[in-house]
Amino acid sequence: MVIKLFIASSSGSTSIKKQQQDVKGFLAANKIEFEECDIAADEDNRKWMREHVPEDSRPATGNPLPPQIFNEDRYCGNYEAFFCAREDNAVYAFLGLTAPPGSKEAEALSKKTQM
């Protein structure tokens, strides 16, 4: 399974750039393989991302903004959802991946099953 991170390389928004860097940094630091899909440089990436973000996850007006995260074709969420999962030590579940042994998420899951 490949995590797809949709970004905009030429975004003028400092907020979007910081969010993109935050997600990329976390994935890299945790050795989670991902494919970077630039919607600014590739119209096909932009079209694919916009078509695959579910209706209930779209903004009220306009198009969904990067970063958007997918596991293959399955939508995981946007930056806010990623941030919440990270705060809850649930990023692997958010990404649809199995948490590696010894990770905070794996330890939290084992504690829950022991209760």
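Heavy-atom basis, side chains included; hydrogens, waters and symmetry copies ignored.
Using a distance-only test at 3.5 Å, with no hydrogens or angles considered, a donor-acceptor pair links the side chain of N78 to the main chain of A81. For the pair R74 (side chain) and L95 (backbone), a donor-acceptor distance under 3.5 Å is present. At distances below 3.5 Å, not a single donor-acceptor pair connects side-chain atoms of N45 with backbone N or O atoms of C37.
The hydrophobic clustering, which links ILVMFWY residues whose side-chain heavy atoms are closer than 4.5 Å, places M49 and L65 apart. When the side chains of ILVMFWY residues are joined at heavy-atom separations under 4.5 Å, either directly or via intervening members, V91 and Y79 end up in a single hydrophobic cluster. Hydrophobic cluster membership differs between I69 and F6, with clusters built from Ile, Leu, Val, Met, Phe, Trp and Tyr side chains linked at under 4.5 angstrom.
The pair E55-R58 meets the salt-bridge criterion, with a side-chain N (NZ, NE, NH1 or NH2) lying under 4.0 Å from an Asp/Glu carboxylate O.
Interatomic distance, CD1 of I3 versus CG of L97, reported as 4.5 Å (0.5 Å rounding). Atom CD1 in I39 sits 14.5 Å away from atom NZ in K47 (nearest 0.5 Å). Distance check: I32 CD1 to N71 CG gives 10.5 Å after rounding to the nearest 0.5 Å. Taking CZ from R86 and CD from E105, the interatomic distance works out to 13.0 Å, rounded to the nearest 0.5 Å.
The local environment of CD in E87 is crowded, with over 12 non-hydrogen atoms from other residues, nucleotides or ligands closer than 6.0 Å.
When all heavy atoms of I16 and S13 are compared, the closest pair comes out as N-OG, 3.2 Å. Taking both residues in full, the closest heavy atoms of G102 and A106 are given as N-CB, 4.3 Å, listed atom of the first, atom of the second, then distance. Considering all non-hydrogen atoms of both residues, I7 and P66 come closest at CA-CB, 3.8 Å.
When each of H52, Q68, K4 is checked for a side-chain hydrogen bond (donor to acceptor under 3.5 Å, both in side chains) with Y75, only Q68 meets the rule. Across F82, F34, F94, W48, a single residue satisfies ring pair (Phe, Tyr, Trp, His ring centres under 6.0 Å) together with F70, and that is W48.
Between the side chains of K17 and Q20, no donor N or O sits under 3.5 Å from an acceptor N or O.
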Side chain to side chain contact (heavy atoms under 4.5 Å, CB included) assessment of N30 paired with Y92 | CA-CA 10 Å; N30 287 280; Y92 289 93; 3.7 Å; yes
